[in-house]
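This report concerns only the one structure given below.
Chain A is the first sequence line, chain B the second, and so forth, proteins listed ahead of strands; every chain is numbered from 1.
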Number of protein chains: 2
Amino acid sequence: MPLDEFDRKIVQSLQIDARMPVAQVAERTALSATPVSRRIKRLEDDGVIVGYQPILDARKLGFELDAYVLINLDAHSDDNISRFEQAIQDNPYVIACHAVTGDMDYLVHVIARDVEHLSQITLKSLLRIPGVRDVKSIIVLETIKETRAMPLD
Amino acid sequence: MPLDEFDRKIVQSLQIDARMPVAQVAERTALSATPVSRRIKRLEDDGVIVGYQPILDARKLGFELDAYVLINLDAHSDDNISRFEQAIQDNPYVIACHAVTGDMDYLVHVIARDVEHLSQITLKSLLRIPGVRDVKSIIVLETIKETRAMPLD
DNA sequence: TATGAAATAATATAGTT
DNA sequence: AACTATATTATTTCATA
């Protein structure tokens with residue numbers, strides 16, 4: 001069940017371009033197209049590859065801003081937690097949310113059209129989720145690196 | 001140059017599955033395959049779609065841990081900054097890095113195989129970059145949400 | 001300038017060894 | 001796993017709005 005050298009080469013190729021033709025992946029992998037096709041299918045079936053997504057230019061889609069919001073809940077009842085997490089799932093401007101260590105409970109990654117929009121998301125959506133005590137915003141000034149590519153060796 | 005209703009439908013479809021066949025995207029878009037194929041090409045050429053990537057299961061690839069590391073530089077000379085940013089680019093375990101507001105300079109998202117590996121990345125790689133004053137780690141306990149899909153309406 | 005339909009080209013998958 | 005054959009999918013051409 002662990003990935004062998006071929007699988008790693010295949011995944012690496014797809015990390016360069018998830019729509020790379022199988023023949024080209026095959027070339028990079030020193031394998032013919034057939035086993036590559038079958039291996040990709042297997043990686044999908046095994047849940048190693050969960051899906052494929054386009055990398056979009058956020059700015060070109062009108063999202064000029066980007067922030068991390070640290071959130072504290074005032075009580076950690078199951079109710080509060082599940083209500084909070086549901087609200088996070090439902091908010092399309094939240095692109096990531098983690099429960100974290102430290103003095104804040106959650107770290108939430110938000111995209112916004114502009115400062116006003118960010119303020120609206122923070123104050124009108126996040127802060128108003130029942131159980132939320134306080135929020136601290138860390139605004140992204142510049143993105144130095146952003147990838148989802150994982151090292152495979 | 002802004003996206004019209006068709007473009008948005010196309011991008012939305014690709015956000016569901018970046019390898020969805022053009023014919024299927026066409027169906028969802030109420031358009032035939034020809035213009036969909038051309039529009040995808042145009043979105044790529046215009047840099048709206050920057051690339052395609054597989055969504056991988058980090059755990060299945062041996063990355064059990066995930067942390068955000070806040071970093072401060074002790075001097076903000078151009079030299080320090082570019083050296084730091086280069087080190088970040090070169091570190092394969094850093095999947096994201098942002099210059100941010102607040103009392104820390106950078107927020108760095110790191111993946112690691114285990115606690116020891118995380119400690120190694122933090123203490124041996126990040127903290128040793130010249131100019132780095134201190135680091136604060138926020139360890140991810142649970143990922144509630146993680147998407148790169150952007151809302152397009 | 002952009003579409004749809006048909007034809008062609010490219011690509012992926014299945015069968016066989 | 002590779003080779004070959006078949007099936008699926010993408011793209012080009014062309015007529016048209």
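Nucleic acid contact for A:Arg39: sugar-phosphate only, since backbone atoms but no base atoms lie under 4.0 Å from a heavy atom of the residue.
The backbone N or O of B:Ala33 lies less than 3.5 Å from no partner atom in the side chain of B:Ser37, so there is not a single donor-acceptor pair.
Rounded to whole angstrom, the span from the CD atom of A:Glu5 across to the P atom of D:dA1 amounts to 13 Å. Protein atom NZ of A:Lys41 is 11 Å distant from nucleotide atom C1' of C:dT13, rounded to whole Å. In this structure, the CZ atom of B:Phe6 is 10 Å from the C1' atom of C:dA2, given to the nearest Å.
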Going by atom type alone, with no hydrogens or angles, which donor-acceptor pairs under 3.5 Å involve a side-chain atom of residues 115-125 of chain A and a protein atom two or more places apart or on another chain?
residue, atom, partner, partner atom, Å
A:His117, ND1, A:Arg113, N, 2.7
A:Thr122, OG1, A:Leu118, O, 2.8

| Could you write nucleotides 3-16 of chain D as a row of B, S and -, 5' to 3', where a protein heavy atom under 4.0 Å of any base atom gives B, of only sugar-phosphate atoms gives S, and otherwise -? | BB----SSSBBB--
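Residues B:Arg19 and A:Arg19 form a side-chain contact, since some pair of their non-hydrogen atoms from C-beta on lies under 4.5 Å apart.
With respect to the salt-bridge test (charged N to carboxylate O, under 4.0 angstrom), the residues B:Glu44 and B:Lys41 do not qualify.
Taking the six-membered ring where the residue is Trp, A:Tyr106 and A:Phe84 present tilted rings, their angle falling between 30° and 60°.
Residue pairs meeting the ring-ring contact (aromatic ring centres under 6.0 Å, His included) criterion with at least one partner in residues 128-153 of chain B, sequence neighbours excluded, are absent.
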